[in-house]
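One structure below.
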Amino acid sequence: MDERRKFGSDTIPEGAATLLTLDSGPSTCCHSAYDFMRIYIPRLAVDELAKDAGLPRPGHLRAPFFKITLDSVLFQFATAALPALGKPAEASSLFLDHIALATLAHVHRTYLAGSTEAPQLLGGLTPWQERRAKEAMNASLDKDISIAQLASQCGLSCSHFARAFRQATGRPPHRWLLERRVETAQGLLLNSQMSLREIAKACGFSDQSHLTRAFARMVGTSPGAWRRTRRR
């Protein structure tokens, strides 16, 4: 007999979340169209976060099973990730890793049995770790790099590295790298005859329009206008 429970799409409000384990066998009855994001969290990631934070290994979900709950934090994380998922060519692995780690930490703290508030870790990276992480990102201005790669360079877990880098620099890795890419683009705009398309490629942007959007958000004007005002 099929013991799987069913959810109707007409009963799910915006911002709703339902946590399920893979052995629960859920199915969905869609009586009308609706948008949703499915987030898969491996057991290994949960255990690593617990170990890194000095917490016991969570035993099971303490969330109401098969119940719909409104979770504004998960909704915000999902909403933040949507633009990157909608334009994979422009997606930054560091940014998506940042969202994934934040999501994991929230789920771990809020919904997993045996989990408690993680102790606040003090201090950032050591000088050599910070230097190595920045060197690795500077060497990857024209290509993608992940939190896992940077954490490996520093001999840390992903969650520990992400926290420590932010403590050391005041910004998450994806933001630091974006700033470096825009700064490099500014240098090329001033000191080279490269086209905007060539500069975009050299600085790790997917195309000229991607460069223009990122540059305008950070600098306040387009790269073409910025170059013209400084070459007069």
Side-chain angles (χ1 to χ4, degrees), residues 41-42 44-57 73 76-77 80-81 84 90-109 115-192 194 199-206 210-211 214-220 223 226:
I41 300 177
L44 182 62
V46 173
D47 292 345
E48 180 183 279
L49 183 67
K51 180 180 179 181
D52 189 45
L55 298 173
R57 182 178 186 266
V73 176
Q76 289 170 12
F77 288 155
E90 298 183 8
S92 162
S93 290
L94 287 181
F95 173 70
L96 290 175
D97 288 346
H98 175 74
I99 295 294
L101 288 171
T103 299
L104 174 59
H106 173 69
V107 170
H108 189 281
R109 180 174 59 251
S115 176
T116 58
E117 188 70 29
Q120 188 67 35
L121 299 180
L122 301 178
L125 302 173
T126 63
W128 75 265
Q129 288 172 326
E130 183 176 347
R131 182 176 63 254
R132 183 167 295 180
K134 289 179 177 179
E135 287 173 349
M137 284 190 280
N138 278 321
S140 299
L141 289 181
D142 62 342
K143 51 185 176 291
D144 211 7
I145 191 169
S146 68
I147 287 286
Q149 290 172 300
L150 294 175
S152 177
Q153 290 276 336
C154 297
L156 300 172
S157 69
C158 292
S159 57
H160 189 171
F161 170 80
R163 285 196 304 270
F165 187 91
R166 184 162 194 163
Q167 286 179 294
T169 66
R171 55 184 62 82
H174 73 271
R175 181 69 183 184
W176 189 93
L177 181 58
L178 179 60
E179 290 176 358
R180 284 291 300 122
R181 283 174 167 159
V182 170
E183 289 169 4
T184 302
Q186 288 177 307
L188 293 174
L189 288 167
L190 282 179
N191 304 308
S192 79
M194 294 171 65
I199 291 174
K201 183 177 180 181
C203 295
F205 297 99
S206 61
H210 185 198
L211 164 65
F215 193 98
R217 284 197 302 269
M218 191 167 294
V219 180
W226 189 88

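Each residue takes its place number in the sequence, starting with 1. What's counted below: heavy atoms across the whole structure, side chains too, no hydrogens, waters or symmetry copies.
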Looking only at heavy atoms, what is the nearest atom pair of [X] and [Y], with distance?
| X | Y | value |
| --- | --- | --- |
| I145 | A136 | CD1-O, 3.9 Å |
| V219 | W226 | CG1-CD1, 3.6 Å |
| Q149 | S146 | OE1-N, 2.8 Å |
| C154 | A133 | SG-CB, 4.1 Å |
| L156 | F161 | CD1-CA, 4.0 Å |
| L178 | A214 | CD1-CB, 4.1 Å |

Report task. Ignoring hydrogens and angles, tell me if any N or O in the side chain of S152 forms a donor-acceptor pair with the backbone of A148 under 3.5 Å. Result ->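 Answer holds: no.
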Query raised in the report: Is it true that a side-chain atom of R181 and a backbone atom of C203 form a donor plus acceptor pair closer than 3.5 Å?
Result: yes
Would you mind reporting whether [Y] and [X] have side-chain heavy atoms less than 4.5 Å apart?
| X | Y | result |
| --- | --- | --- |
| H98 | I147 | no |
| I199 | F215 | no |
| E183 | M218 | no |

Euclidean distance, [Y] [atom2] relative to [X] [atom1], rounded to 0.5 Å:
| X | Y | atom1 | atom2 | answer |
| --- | --- | --- | --- | --- |
| Q186 | N191 | CD | CG | 11.0 Å |
| L177 | L141 | CG | CG | 6.0 Å |
| L211 | L189 | CG | CG | 7.0 Å |
| H160 | L101 | NE2 | CG | 13.0 Å |
| R109 | L104 | CZ | CG | 10.5 Å |

Query raised in the report: Tell me, which pairs form a salt bridge (Lys or Arg N to Asp or Glu O under 4.0 Å) where one or both residues lie in residues 139-155, sequence neighbours left out?
Result: none
Report task. With sequence neighbours left out, write down each residue that passes salt bridge (charged side-chain N to carboxylate O under 4.0 Å, His left out) with E130, or none if nothing qualifies. Result -> K134
Query raised in the report: Among all residues two or more places apart in sequence or in another chain, which pass the side-chain contact (heavy atoms from CB on, under 4.5 Å) test with S92?
Result: L94, F95, H174
Requested in this report: Decide, yes or no, whether a salt bridge links R132 with E135 under the criterion of side-chain N to carboxylate O below 4.0 Å.
Outcome: no
